[in-house]
Amino acid sequence: MEKRKNLILYVVLLGLMIALPQTAFCWLTGWDYQREITLDTAAPENDFQVKVELTSANFDYSHALDNGEDLRFTDTSDNLQDYWIEEWDTLGTSTIWVEVATSGTLSFYLYYGNALASDDSDGFETFEFFDDSFATETIDGKYLTNWTKSGSNPLQDKTCQNWIISVYNNYNSEDKIYLFEQRDANPSNDIECWSFSRTDANTPANWTDEGVVFTSSQAWADGHIEPHGIIFETQAMADAREEVDPGVGTPKWRMYYCGKEDGAPAGGIHYATGFAVASESDLTSWTVFATNPVYNYDATQGYADPKVCIYNDEVWVGEAGYHPGVSADPQFFTVSSDGISSWNDKTKNWNPEGMVLGTLVPFTEGILITGRSSDRIEYNAYFTTDGNNKATYSGNPILTAGSGEWDQTLAWATIVVDKYGSYDIGGGGTYYMYYTAWNGPLTNTKLGLATSTTLTEESESSGFVKWNSTGSPIISGGIASLDDSGAVGIIAKSSFGMNHSLRFRANLYSPVSGNYSDFGLHGWDDAFDVNIPYEVFAQRYARSYMDILTTNTGYIADLGTTYTNAYHKYEITRKATSNEWFIDDISQATESNPSTVDLSPMFCENIYPPASGYEKADIDWAFVRKYYAPDPWASVGEETTSVVIPPSNVTITISGDDVILNWEWSGERTTYNVYRSTDPYEGFATINTFPVFETTYTDIDAAIMGTKYFYYITANE
């Protein structure tokens, strides 16, 4: 008997699922919108800052959070890039600086549209120098304090400077401290070692002389090496170093050491960093790494004394950056997962203490740093949370030189930590600091011990963490005011060289006749830690003049009253062949005879005040970025979305025994599933065996008399 085909009510319910647009290589999970940022010229070097400008013409502000907190930038492989929002203006132009990680990059992505996102804008990570907080941050520091010199001092007489590092090893419960020193010669390319239990910490007669445990055979360190940092690898570091699958590598001890090639000139300029590895069971037998040095010196600066710790799952290395003829300038780095490559400078502008680092001790909250003062009479303690901000222990110094004793001149210090970086070795509650010192000739170096049982915690303002300050600048609401109280200023002692640009936001008050303020990039004399600039690159006078030369006789641009008594953005760009001065991104002047001296940011107020009358300046923020001629220009692409628009204009056609469903798709091409149920609210099941690629589906033999079906169509990821 022939079947009757009756018109039956078919209800189509439209479904919605999230799908990734096919135009993107990948997608940042949790973000709804994406735009491709394209550069007209490729990023000229790694970690290059690119300016991205958003307006209502190229960006939909309604899709982002009110202040841009949900902005994220990634490379084409979905790796996040550091950025800082200089200005967010939904009615005008928003300016964002993005640090493009890889040289040669021509495009990257902007993501937005995440209601749960928190602000990730970070100038400290984006620029080589940055400050927009001006001294009000508080750091909770942890310090090992109340050090007492051992009554058995000196423990050992040597005939060299004794660069030293110590580590506690409890492998198979051996309970031993290992003390590494440069061999008893000056200089030497051998490292020797002693081992002893904690109970014999101040009894050298009971120490085991392990002999020479490492000898450099590489040309770069054939005449002088120093042990400085020892850590035990994490599993990830071992895997990365051995280039094996996760969990397959064998973690080993790692010694970072300072080396200097045989016949290198005097001074620290040729210091570089290498490392060797040793098995967990034997700290006296080291294998040199084939690609040493892992961190080399450059044409003007050496890197020495590599103290090391693991903090926040990163390898942190504290180097002493040597400048010709001057004392050490602390610098901190993190390296990649293998602990030996892709070094990143974490110290954008550390306020130098002129010290050589002693030991890095990691805590959950930050890193304890010990170091010797430049005058060699004391050891001090500092605490950092990010390599930029620091706190200084209020009870400094933690150890002082003796008066007329064998240790009247201090050299190097090391606090004993265990393989995981803990200061609490074995839970004994006693901390050990070995240090070297001398009285008289440098060749009379001797070894001493100080112990402590005190861990001190204190909170304090980080101060002008990147600046030296004179006078009393007023700090309020993130603004540093150089007031009319006399000679005050803030100075950053870090050098940048050519192809950099200083940008800052400031309010310069109307000048008082006969006075002047300086602001801009300044050079330093050979001492480098003397706060007297010998080359003024940008200088504003009380007569409202702007100098764009290294002398007062160069090109002068008159500020007049146009830019005073209001905030403006200023920028000084140091090109390879000329220098340029901008106000609010408008070029003011150019000089074509730039100095080759490295320059540093500086803001001064009334350095040489007259008998009466002062002027004022307020500084909001300042940063130094890399510059390239011409700077890459960023264009913002069309918006794409991860929010799939549901199928629309669904129609049903009955053809014989079949039900044919058709629909339109107004978004990106994707696939679909078709669900069916005899109940409009539950019981839906997928009826397609494979994803549907077209905008049509035929439900075969569905038009049977007496059956009512409800359909649900979804777009798939």
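As the structure is a computational prediction, the values presented were derived from the model and not from experiment. Keep in mind that the numbers below use all heavy atoms, side chains included, and drop hydrogens, waters and symmetry copies.
Put simply, the side chain of S587 never gets that close to the backbone of F582: no donor and acceptor are under 3.5 Å apart. Put simply, the side chain of N58 gets close to the backbone of E53: a donor and an acceptor are under 3.5 Å apart. Using a distance-only test at 3.5 Å, with no hydrogens or angles considered, no donor-acceptor pair links the side chain of S77 to the main chain of N79. At least one donor-acceptor pair closer than 3.5 Å links the side chain of R35 to the backbone N or O of G637.
Not counting sequence neighbours, the partners of T686 by the side-chain contact (heavy atoms from CB on, under 4.5 Å) test are N673, Y675, N688. Judged as a side-chain contact (heavy atoms from CB on, under 4.5 Å), and not counting sequence neighbours, the contacts of L65 are E69, D70.
Residue pairs that meet the side-chain hydrogen bond (donor to acceptor under 3.5 Å, both in side chains) test with at least one member in residues 39-52, sequence neighbours left out, are E45-K626.
The side-chain heavy atoms of L28 and L80, taken from C-beta on, include a pair separated by under 4.5 Å. A 4.5 Å side-chain heavy-atom check between H63 and Y61 finds every atom pair outside the cut-off. Under the 4.5 Å side-chain criterion, counting only non-hydrogen atoms from C-beta, L360 is in contact with F332.
Residue Y567 places its OH atom among more than 12 non-hydrogen atoms of other residues, nucleotides or ligands, all under 6.0 Å distant.
Side-chain atoms of S336 and S341 include a donor-acceptor pair closer than 3.5 Å.
Taking the six-membered ring for Trp and thresholds of 30 and 60 degrees, Y570 and H568 have ring planes more than 60 degrees apart, a perpendicular arrangement. The aromatic rings of Y295 and W343 sit tilted, their planes meeting at an angle between 30° and 60°. Between F59 and Y112, the ring planes are tilted. Angles from 30° to 60° get that label.
Using a cut-off of 4.0 Å between Lys/Arg side-chain N and Asp/Glu carboxylate O, E87 and K569 are scored as salt-bridged. Under a 4.0 Å N-O distance rule, the pair R625/D631 qualifies as a salt bridge. Salt bridge status for E86 with R503: present, with a side-chain N to carboxylate O gap under 4.0 Å.
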